[in-house]
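Bear in mind that the values here come from a model prediction, so they are computed numbers and not experimental data. Quick note on labels: first sequence line is chain A, next is B, and so on, each numbered from 1. Heavy-atom basis, side chains included; hydrogens, waters and symmetry copies ignored.
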2 protein chains.
Amino acid sequence: MKIDPDTNIDLSAQIASSIRDLIVSGALIVDERLPSEAELAEQFEVSRPTIREALKRLAAQSLIRTQRGAFGGAFVNRLSYDDARTQLATTATLLLSMNEVSFDTACEARFALERACAPLVAERREEAQLAKMKVELEKQGESGLSDEDFCASDVAFHLALIDGAQNPVLSYHLSGSIEAMQPLMNMITYTARSRAEIIGIHSSILSGMEKQDGDAVVHDLERLENYTKKLAHTVMAEKRASREKTT
Amino acid sequence: MKIDPDTNIDLSAQIASSIRDLIVSGALIVDERLPSEAELAEQFEVSRPTIREALKRLAAQSLIRTQRGAFGGAFVNRLSYDDARTQLATTATLLLSMNEVSFDTACEARFALERACAPLVAERREEAQLAKMKVELEKQGESGLSDEDFCASDVAFHLALIDGAQNPVLSYHLSGSIEAMQPLMNMITYTARSRAEIIGIHSSILSGMEKQDGDAVVHDLERLENYTKKLAHTVMAEKRASREKTT
DNA sequence: AGACTTTTAAATGTCTGACAAATGAAAATT
DNA sequence: AATTTTCATTTGTCAGACATTTAAAAGTCT
């Protein structure tokens with residue numbers, strides 16, 4: 001193992017990249033221990049701090065974990081769905097906030113993805129999901145509920161929905177996207193939205209699932225998408241009006 | 001700014017986390033310069049190597065970039081779709097390889113996601129996408145094409161398809177998932193697959209798009225999913241048979 | 001005055017060496 | 001045999017130094 005010091009890329013980035021390749025390719029398997037920092041430093045012919053920076057890069061991606069003490073070291077980490085989901089939600093959030101994505105575009109993507117699993121969900125839904133959705137639906141009807149809690153319950157409702165597909169890979173992709181977009185939507189629309197309207201649609205989704213009617217669920221999700229977009233347009237129009245008034 | 005040294009968590013992880021929060025919350029905006037490593041070390045009351053490890057963690061997530069020299073430093077990075085896609089593909093690949101996801105589950109998720117954008121694609125597709133898909137389709141018919149190149153062209157075909165939705169958020173989620181899963185599928189099925197069969201379905205997808213017939217595209221994607229699953233089952237049955245023969 | 005070159009200061013990149021803290025194995029003791 | 005102590009190993013953190021890069025500032029020449 002050796003690294004090219006002539007390029008202007010960081011040594012730690014190169015080393016991280018070559019170790020990452022070993023993990024992704026399967027040459028290093030889950031729970032396998034990497035050589036100690038001192039040994040890696042020798043192998044790559046760099047100093048220990050450089051190796052450490054490389055390992056921290058990998059740790060930031062949850063590719064390795066480290067343990068102190070004798071027989072400690074860096075171990076290849078089994079990437080959990082939870083870790084992956086957290087990363088995806090962060091990335092998706094930043095992608096939206098930093099790239100001037102229009103509300104309609106984000107909204108369209110979120111609902112297109114959710115509708116993708118509606119047929120599977122309707123077919124496979126089990127009592128556990130239905131019960132969870134019922135609980136959230138009732139919570140959304142409570143009068144003392146804060147906007148934050150309503151939003152959180154909204155997210156929980158939709159996460160329960162997609163889990164109904166019984167497909168962890170699908171859940172991973174969708175939950176990341178929903179967790180990133182729902183707060184954004186909430187922030188924009190909470191002033192104008194009617195909880196009753198949303199609860200009505202949610203309730204209809206639930207009954208569609210009970211009847212295992214995928215088409216009905218798809219249709220309700222379309223209604224929800226349209227309602228959300230309409231709200232956003234209303235809010236934006238109001239903002240524009242009040243801005244023009246002050247100038 | 002101060003950090004708790006009494007917990008078991010690395011100082012560099014805590015510092016990275018608190019800077020990450022500033023970025024995600026918008027307190028630090030794109031292209032804003034962070035204090036120099038020496039200043040950060042003073043603010044957080046830790047040494048420079050610890051600060052550096054924290055910054056490398058953030059760099060690994062493409063949240064910051066660094067520049068050497070006077071007036072250099074660490075800057076909040078605008079997360080590009082490309083960076084985000086690369087990260088998602090790596091994460092999704094590892095999620096599949098490390099968590100014993102069945103082929104059917106991965107395959108189902110990949111096609112459910114792709115079908116999600118089929119209606120949008122059919123409606124909005126432009127000449128650029130159609131042309132790109134035509135090019136790939138012709139390439140797939142060339143007799144001298146290696147398995148690797150056929151697979152790469154397959155990926156390119158589907159990426160062009162989803163780009164037809166003209167929704168970068170959707171493209172991000174889908175391209176990551178396709179890039180992760182297609183090589184996996186290829187590895188499993190390349191021995192048994194019939195290129196003619198796949199090309200036939202691709203060709204049908206293309207004509208559906210030309211006619212802006214979303215339902216037809218969805219139907220063809222279902223055919224492709226079923227064919228892929230069937231291939232995988234065949235291959236696995238053969239493997240099982242040869243294993244039993246040797247024992 | 002304007003264009004070019006040189007200097008310089010500031011910042012990251014890397015290295016050396018050291019000590020602290022954790023941790024499990026092995027040795028010593030009861 | 002069970003418990004305690006010792007010990008070696010490894011990561012976590014620190015201090016200080018030098019190399020390298022970079023752009024601004026100063027200096028020089030036409």
query = Below 4.0 angstrom, N of the basic side chain to O of the carboxylate: do B/E225 and B/K229 qualify?
reply = yes
message = In the structure I gave you, are the side-chain heavy atoms of B/I29 and B/V76 within less than 4.5 Å of one another anywhere?
response = no
query = How long is the line joining CG of B/L11 and P of C/dA22, in whole Å?
reply = 12 Å
inquiry  = Any non-hydrogen side-chain atom of A/V46 less than 4.5 Å from a side-chain atom of A/Q14?
reply    = no
ask   = Has B/R52 got a side-chain N or O lying under 4.0 Å from the OP1 or OP2 atom of C/dG13?
value = yes
message = What is the distance, to the nearest angstrom, from the CZ atom on B/R68 to the P atom on C/dG13?
response = 7 Å
key: Among D/dT11, D/dT20, D/dC14, the nucleotide that comes nearest once only the side chain of A/E37 is considered   = D/dT11
remark   = Here the distance between atom P of D/dA15 and atom CD1 of B/I51, to the nearest Å, is 12 Å
inquiry  = Heavy-atom nearest nucleotide on DNA chain C for A/F71 versus A/S47: which residue maps closer to 5'?
reply    = A/S47
message = If the cut-off is 4.0 Å, is B/S12 near the phosphate of D/dG12, judged by side-chain N/O to OP1 or OP2?
response = no
Pair B/R57 + B/E53: basic N to acidic O under 4.0 Å = no
message = Counting only side-chain nitrogens and oxygens, does A/T50 get under 4.0 Å of the OP1 or OP2 atom of C/dC15?
response = yes
message = Rounded to whole Å, how long is the line connecting atom CD1 of A/I9 with atom P of C/dT14?
response = 11 Å
key: A/R48 vs C/dA18: side-chain N/O to OP1/OP2 distance below 4.0 Å   = no
query = Any side-chain N or O of B/S36 under 4.0 Å from OP1/OP2 of C/dA10?
reply = no
message = I'd like to know if B/R124 pairs up with B/D163 as an ion pair, taking the criterion as any Lys NZ or Arg NE/NH1/NH2 lying under 4.0 Å from an Asp or Glu carboxylate oxygen.
response = no
ask   = When we call it a touch if two heavy atoms are under 4.0 Å apart, what does A/R33 touch: a base, just sugar-phosphate, or nothing?
value = sugar-phosphate
query = CG of A/L40 versus C1' of D/dT10: gap in Å, rounded?
reply = 12 Å
request  = Provide, to the nearest angstrom, the distance between the CZ atom belonging to A/R57 and the C1' atom belonging to C/dG13.
outcome  = 11 Å
ask   = How close or far is atom P of D/dT21 from atom CG of A/D10, stated in whole angstroms?
value = 12 Å
message = From CD of B/E53 over to C1' of C/dG13, roughly how many Å is that when rounded to an integer?
response = 14 Å
